[in-house]
2 protein chains.
Amino acid sequence: MAIDLYKKEDHLLLAVDCIIFGFDGSRLKALLVKRNLEPGLGKWSLMGGFVKKTESVKEAATRVLNLLTGLTDVYMEELGCFGNVNRDPGGRVVSIAFFALIKINDYSESLMKEHNSKWFELDHLPALIFDHGEMISQAKEKLKDKVSTHPAGFTLLPRKFTLQQLQGLYEAIYEKEMDKRNFTRRILELGILKKLEEKEKESSRKGAFLFVFEKTRYEKLSKKGFRII
Amino acid sequence: MAIDLYKKEDHLLLAVDCIIFGFDGSRLKALLVKRNLEPGLGKWSLMGGFVKKTESVKEAATRVLNLLTGLTDVYMEELGCFGNVNRDPGGRVVSIAFFALIKINDYSESLMKEHNSKWFELDHLPALIFDHGEMISQAKEKLKDKVSTHPAGFTLLPRKFTLQQLQGLYEAIYEKEMDKRNFTRRILELGILKKLEEKEKESSRKGAFLFVFEKTRYEKLSKKGFRII
DNA sequence: GCAAAAGTGTTTTGTCTACACCCATGA
DNA sequence: TCATGGGTGTAGACAAAACACTTTTGC
């Protein structure tokens with residue numbers, strides 16, 4: 001962009017920070033990194049970066065997430081703007097927070113070593129720099145909201161999953177136990193899952209049927225929406 | 001803020017734009033201004049301004065809203081970030097959009113002349129600069145969401161209002177008619193309105209009782225939340 | 001006395017919740 | 001054969017939706 005009709009206005013730094021959620025089968029986790037620059041060098045933080053002039057804010061978030069995880073096509077949504085004057089002691093930085101949902105196994109051990117990153121259970125987070133703790137706590141709330149009416153949660157599970165895995169995910173997000181029969185009925189009635197022939201045999205002798213989320217079925221119904229919880 | 005550890009990073013312009021909603025008794029409206037600078041001079045736009053280094057983003061939005069309306073203590077909420085590279089032909093400007101709910105009569109004729117501003121019905125908006133049309137349409141959706149579970153809508157009505165005015169507001173926001181008896185029952189059962197002795201006699205011979213929203217009653221109930229629609 | 005809006009209950013329908021036993025299998 | 005998780009149905013409670021007539025009063 002060559003022209004700048006607004007030269008005399010304050011120019012400031014704009015950052016993106018990514019709350020990356022994962023699900024290990026029983027608990028919801030967030031991926032944090034050891035910060036590699038001052039201020040806060042060596043402390044735990046969200047993965048973040050500055051928005052460049054040549055990219056959109058969303059593109060910046062995607063780039064930052066890809067840098068850490070190597071992943072593309074990740075479910076990501078804007079959480080909001082964190083714009084207090086002194087939130088970052090290193091300068092006047094406004095941050096746009098995003099939350100992303102990834103399959104925990106898509107993120108390899110080697111990447112964790114490479115980036116000094118680590119999964120943390122949401123109720124055992126370490127001290128975080130700046131307002132990153134607040135970001136995570138807002139993201140948790142927004143996630144609850146989201147998955148109650150949108151099929152976003154599936155992106156935290158493997159492509160093929162059992163109903164009990166899905167229920168475990170919802171229980172982790174809502175931090176409460178649910179009734180197996182009611183949950184099963186509700187989710188199947190939506191008609192957005194396809195039951196496979198295949199069974200998952202790791203966690204029981206009998207084996208549990210695997211399902212996949214069918215996006216096309218969801219799209220037929222999404223106009224009127226749904227409510228899981 | 002003296003220090004800037006991030007000097008080498010791109011610095012850019014950050015703006016705020018305010019979607020200001022009002023309700024005239026039967027229709028939801030948005031307050032727009034004729035833009036007084038290039039690019040887009042003379043075109044209709046949302047009220048906006050640049051974020052200064054010395055203020056938070058929220059403070060900037062409050063300042064901008066106050067500049068146009070003279071009002072303080074206005075209900076305002078963040079809508080989201082609009083960060084495409086070429087959204088503003090005048091430069092690389094990222095905008096944080098906010099939506100505000102005001103009482104339409106708090107905004108005087110004289111201010112409208114002073115600022116070249118005007119109320120527009122939401123389904124008869126003029127052409128708007130940049131992505132402001134998209135901002136309004138997202139704000140409309142978010143407003144629906146908000147008033148279904150929070151008592152935000154009251155800030156669009158006079159302090160004293162009739163149940164039919166309140167219902168009219170919800171009908172305008174949801175763009176659908178509702179049943180008077182069901183609406184009345186639901187809203188009264190929440191216990192967040194106080195019925196006054198006083199009647200409003202403008203719109204009928206019989207006169208309709210006036211109510212006020214009781215914040216303290218709402219706060220007692222807000223933990224478990226409520227659902228109007 | 002009539003036009004115009006205010007105010008008020010009941011029935012039906014659908015949705016949500018609580019709850020317990022048999023099944024299939026591998027060890 | 002038994003231990004383990006998988007899979008399934010029903011009854012009762014509650015909430016939401018549909019629906020129409022009487023009241024008040026200024027003209």
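Lettering of chains follows the sequences in order, A, B, ..., and the numbering in each one begins at 1. Worth knowing before you read on, the calculation uses all heavy atoms, side chains too, and leaves out hydrogens, waters and symmetry mates.
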### Task
Measure from CD on B:Glu202 to P on D:dC27 and round the result to the nearest Å.
12 Å

### Task
Please work out which residues in residues 166-200 of chain A have a non-hydrogen atom less than 4.0 Å from an atom of DNA chain D and list them by number.
A:Lys180, A:Arg181, A:Arg185

### Query
So does A:Lys206 reach the base of C:dA24 with its side chain, donor to acceptor, closer than 3.5 Å?
no

### Query
Between B:Ser203 and A:Gly207, which is nearer to the 5' end of DNA chain C once each is assigned its nearest nucleotide?
B:Ser203

### Query
Tell me, which pairs form a ring pair (Phe, Tyr, Trp, His ring centres under 6.0 Å) where one or both residues lie in residues 153-197 of chain A, sequence neighbours left out?
A:Phe154-A:Phe161, A:Phe154-A:Phe213, A:Tyr170-A:Phe183

### Task
Determine, for A:Phe211 and A:Lys195, whether the Lys NZ or Arg CZ falls below 6.0 Å from the six-membered ring centre while staying within 45 degrees of the axis.
no

### Query
CD of A:Gln164 versus C1' of D:dT4: gap in Å, rounded?
13 Å

#### Entry: Within 45° cone and under 6.0 Å: A:Lys118 NZ/CZ vs A:Phe120 ring
yes

#### Entry: Note: A:Glu171-A:Lys176 ion pair, threshold 4.0 Å (strictly below)
no

### Spacing between B:Leu163 atom CG and C:dA6 atom P, to the nearest angstrom
10 Å

### Query
Aromatic rings A:Tyr75 and A:Phe99: how do their planes relate, parallel, tilted or perpendicular, breaks at 30° and 60°?
tilted

### Query
With sequence neighbours excluded, what pairs up with A:Lys144 under the salt bridge (Lys or Arg N to Asp or Glu O under 4.0 Å) test?
A:Glu141, A:Glu175

### Query
Whole-Å distance between D:dA15 C1' and B:Phe226 CZ?
17 Å

#### Entry: Rounded interatomic separation in angstrom, taking CZ from A:Phe209 and P from C:dA24
11 Å

### Task
Describe the nucleic acid contact of A:Thr162 in one word from base, sugar-phosphate, nothing, applying a heavy-atom distance below 4.0 Å.
nothing

#### Entry: Residue closer to the 5' end of DNA chain C, A:Arg205 versus B:Phe211 (nearest nucleotide)
B:Phe211

